[in-house]
Amino acid sequence: MDVVQPPDEGVLAGLGERLRIRRDAVGLSVRKLAEQLGASRNTITNYEQGHTVPSTSDLVRLAAALGCTLVDLLDLPASQPPARFAFRAHKALQSNPDVAVMAQKYLRAYADIEEICDARLPRRLRRAPVATAGPNLDLRIAATAERVREDSGFAELGPTNIVQALENLGVRCIFFQHPTPGLDGISVEQDEMSLVLLPDRAQVVERVIFSAAHELGHLVLHPELFTAAAQKVDDARDYEHEAHVFAASFLVPEGDLLRTWQDERLARLPLERALLVLKWRFQVSFWALFERVRGLGLTETTYPALTTSVKRLLGFEGRASRQDLEPQPLPAGALYRSTRFERLVYSAFVQEEIGVAKVAELLQLTVDDARRRTAEWIRPRAELVG
C-alpha cells in the first residue's frame with residue numbers, strides 16, 4: 001500500500017487562506033467545521049491563521065468536509081477554484097451547508113467524468129443581466145426568457161424534457177436526493193461550468209420542471225450572485241421574483257397563452273376548469289398557470305377563492321398544501337430523468353474506464369448501491385452473451 005507523504009513547506013504556503021476561502025464558499029462556520037472534524041474551534045482558527053499545520057490525515061478529512069480535494073487545498077496545478085453559489089437565492093444553503101458541500105462534490109464529479117470521457121459540454125448560454133432601473137422590468141425579463149427558450153429548443157422538447165433543454169444551452173444537470181425540507185433546486189458555477197441540481201422527486205413533477213426553469217433564470221439574469229464575493233448584490237432587489245417571472249415566461253410564453261385563452265374561449269369556463277385546459281396544453285403546474293393568468297389580467301380571482309374551488313373539485317377537506325391541490329398531476333414517469341452526467345458515467349463504466357468504486361464516488365452512492373446500479377447496467381449485455 002502506498003504511504004501518503006506529508007506535503008513540503010512550499011506546498012503548505014497559503015494553506016490557511018485556502019482553507020478559509022473553501023469554508024466560506026460552502027457557507028460552513030468555524031464551529032460547524034470543527035464539529036465535523038471532532039476538533040476545537042481554536043484548532044480550525046489556528047489552521048486558517050497559519051499558526052499550526054494540519055496533519056496529512058486531517059487534510060484528508062478537511063477536504064472531505066469542504067467538498068473539495070487535497071489537490072484543491074494544496075493549490076497544486078490540477079486544483080479547481082471554489083464553487084460559487086447564489087446564496088442569496090437559496091435559503092437551504094444558508095441553513096444547511098451540507099447542501100453546498102454535496103453540490104461542490106457533484107461539480108467535481110462532473111468535471112472528472114468529462115475529463116475521463118474527453119467530452120466537454122460547450123457553453124451556449126447567453127447572459128442577460130437586467131437593470132432594475134427603468135420601466136417594464138417584468139416585460140424585459142419575459143422577452144429574455146423567450147429568447148433563451150428559443151435557443152434551448154424547448155418548444156420542440158416540451159416541459160417533461162426540460163433537462164435536455166438546459167443541456168442544449170450548456171447547463172449541466174444532475175438529479176439528487178437530500179433530506180433538506182423545501183430544497184427545490186440549486187444553481188452553482190465553477191470556472192465556465194454551470195450546474196443545476198434538481199430534487200429526484202417521485203411526486204409533483206410540475207414543481208421540478210418549474211424549479212429547473214427558475215434556476216436557469218438565476219444563471220441568465222443574475223451573474224452577480226455567482227461572483228466569489230458577491231459584491232454587487234443589491235439588498236433591495238427581489239431576485240426570487242425576477243427568476244420566477246423568467247421561469248413562467250420560459251415555460252408559458254405570453255403569446256401562446258393568450259392565443260389559447262382566446263381561441264378556446266376559456267374565459268367562459270369556471271377558472272379552475274380553464275386552468276385545467278391550460279395545463280393539458282402546457283404541461284406545467286396548475287398554480288403556476290394561475291399566477292400567469294392573473295399576472296396577464298385575465299382573472300381577478302384571489303388565491304383563497306381558487307383554493308376553495310379546487311378543494312371542491314378534488315373533494316378535499318381540511319388544510320392542504322399546493323402539492324396536495326395539484327389537479328391531474330403529471331405521472332412520475334412523465335419527466336425525462338436521463339442526464340448527460342449519468343450517461344457519461346455509464347459509458348465510462350461499460351467501456352471499463354472506471355470501476356464500481358469510482359461510480360460510487362461520482363454518483364455519491366455507497367459501494368453496495370453502486371454495485372447494484374452497475375449490475376443493472378451490464379445485465380442486458382450479459383443476457384445477450386448467455
Side-chain angles (χ1 to χ4, degrees), residues 1-85 87 93-94 96-116 174 176 178 186 188-191 193 195 197 226 228-229 345 354-367 369-370:
M1 182 178 68
D2 294 334
V3 177
V4 177
Q5 297 295 329
D8 59 36
E9 291 185 6
V11 171
L12 289 174
L15 172 62
E17 180 65 9
R18 288 191 294 276
L19 277 173
R20 184 193 63 75
I21 290 172
R22 294 280 171 178
R23 180 176 59 76
D24 287 345
V26 294
L28 200 61
S29 67
V30 170
R31 179 186 61 79
K32 181 71 172 177
L33 180 57
E35 288 176 357
Q36 291 192 19
L37 265 66
S40 69
R41 294 174 62 180
N42 283 341
T43 297
I44 303 301
T45 300
N46 285 334
Y47 287 164
E48 292 187 356
Q49 293 179 353
H51 297 323
T52 57
V53 176
S55 66
T56 302
S57 60
D58 278 350
L59 279 172
V60 172
R61 294 164 63 207
L62 282 164
L66 298 172
C68 63
T69 66
L70 273 176
V71 170
D72 297 330
L73 284 184
L74 300 176
D75 201 27
L76 297 176
S79 64
Q80 295 290 325
R84 301 185 303 278
F85 300 90
F87 278 98
L93 291 174
Q94 300 173 24
N96 187 353
D98 291 344
V99 175
V101 171
M102 172 199 68
Q104 173 131 332
K105 288 179 178 178
Y106 274 128
L107 259 177
R108 191 181 72 225
Y110 214 131
D112 199 1
I113 195 60
E114 285 192 336
E115 183 176 352
I116 290 169
I174 291 178
F176 72 95
H178 200 278
I186 297 291
V188 56
E189 294 200 330
Q190 188 174 58
D191 283 342
M193 178 183 288
L195 174 66
L197 295 167
F226 297 92
V345 175
I354 60 174
V356 172
K358 187 64 175 179
V359 171
E361 175 192 330
L362 294 170
L363 299 183
Q364 296 193 37
L365 301 172
T366 65
V367 173
D369 285 343

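Just so you know, residue 1 is the first one in the sequence shown, and it goes up from there.
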### Task
Please name all residues satisfying salt bridge (Lys or Arg N to Asp or Glu O under 4.0 Å) with Glu115, sequence neighbours left out, ordered by chain then number.
none

### Minimum heavy-atom distance between Gln104 and Cys68, given as atom pair plus value
NE2-CB, 3.7 Å

#### Entry: Check: Thr69/Asp72 side-chain N/O donor and acceptor closer than 3.5 Å
yes

### Task
Find the distance between CD (Gln36) and CG (Leu28) and round it off to the nearest 0.5 Å.
5.5 Å

### Message
If you apply the rule side-chain contact (heavy atoms from CB on, under 4.5 Å), what do you find for Ile113 with Arg108, and how did you get there?
### Response
CA-CA 9 Å; Ile113 195 60; Arg108 191 181 72 225; over 6 Å; no

### Task
Could I get the full list of side chain to side chain donor-acceptor pair (under 3.5 Å) partners for Glu17, not counting sequence neighbours?
Arg20

### Task
Start with the C-alpha gap between Leu73 and Arg22, add the side-chain angles, then the distance that decides, and say whether side-chain contact (heavy atoms from CB on, under 4.5 Å) holds.
CA-CA 8 Å; Leu73 284 184; Arg22 294 280 171 178; 4.1 Å; yes

### Query
Are the side chain of Gln364 and the backbone N or O of Met102 linked by a donor-acceptor pair below 3.5 Å?
yes

### Query
Among pairs that include at least one residue of residues 35-59, which meet salt bridge (charged side-chain N to carboxylate O under 4.0 Å, His left out), considering only residues two or more places apart or in two chains?
Arg23-Glu48, Arg31-Glu35, Asp58-Arg61

### Criterion side-chain contact (heavy atoms from CB on, under 4.5 Å) on His51 and Thr45, from CA distance to verdict
CA-CA 8 Å; His51 297 323; Thr45 300; over 6 Å; no

### Message
Tell me every residue that passes side-chain contact (heavy atoms from CB on, under 4.5 Å) with Ala111, counting only those two or more places apart in sequence or in another chain.
### Response
Met193

## Note on the structure
Sorted by chain and number, sequence neighbours left out, side chain to side chain donor-acceptor pair (under 3.5 Å) with Ser40 holds for Thr43

### Query
Among all residues two or more places apart in sequence or in another chain, which pass the salt bridge (Lys or Arg N to Asp or Glu O under 4.0 Å) test with Asp112?
Lys358

### Summary
Those residues at least two apart in sequence (or on a different chain) that pass side chain to side chain donor-acceptor pair (under 3.5 Å) with Asp369 are Thr366, Arg372

### Leu62/Leu70 under side-chain contact (heavy atoms from CB on, under 4.5 Å): CA gap, chis, key distance, verdict
CA-CA 9 Å; Leu62 282 164; Leu70 273 176; over 6 Å; no

### Message
Quick check: closest heavy atoms across Val53 and Tyr47, and the distance to 0.1 Å?
### Response
C-CE2, 4.0 Å

## Note on the structure
Here the gap from Gln49 atom CD to Asn42 atom CG, rounded to the nearest 0.5 Å, amounts to 9.5 Å

### Message
If I take atom CG from residue Leu197 and atom CD1 from residue Ile174, how far apart are they, to the nearest 0.5 angstrom?
### Response
6.0 Å

### Task
Output all residues satisfying ring pair (Phe, Tyr, Trp, His ring centres under 6.0 Å) with Tyr110, sequence neighbours left out; order by chain, then residue number.
Phe341

### Message
Counting C-beta onward and ignoring hydrogens, is there a side-chain heavy-atom pair between Leu195 and Ile186 closer than 4.5 Å?
### Response
no

### Summary
Contacts of Val359 meeting side-chain contact (heavy atoms from CB on, under 4.5 Å) (sequence neighbours excluded), chain-then-number -> Val345, Phe349, Ile354, Leu363, Ala370, Thr374, Trp377

### Query
Is there a side-chain contact between Val101 and Leu66 (heavy atoms, below 4.5 Å)?
no

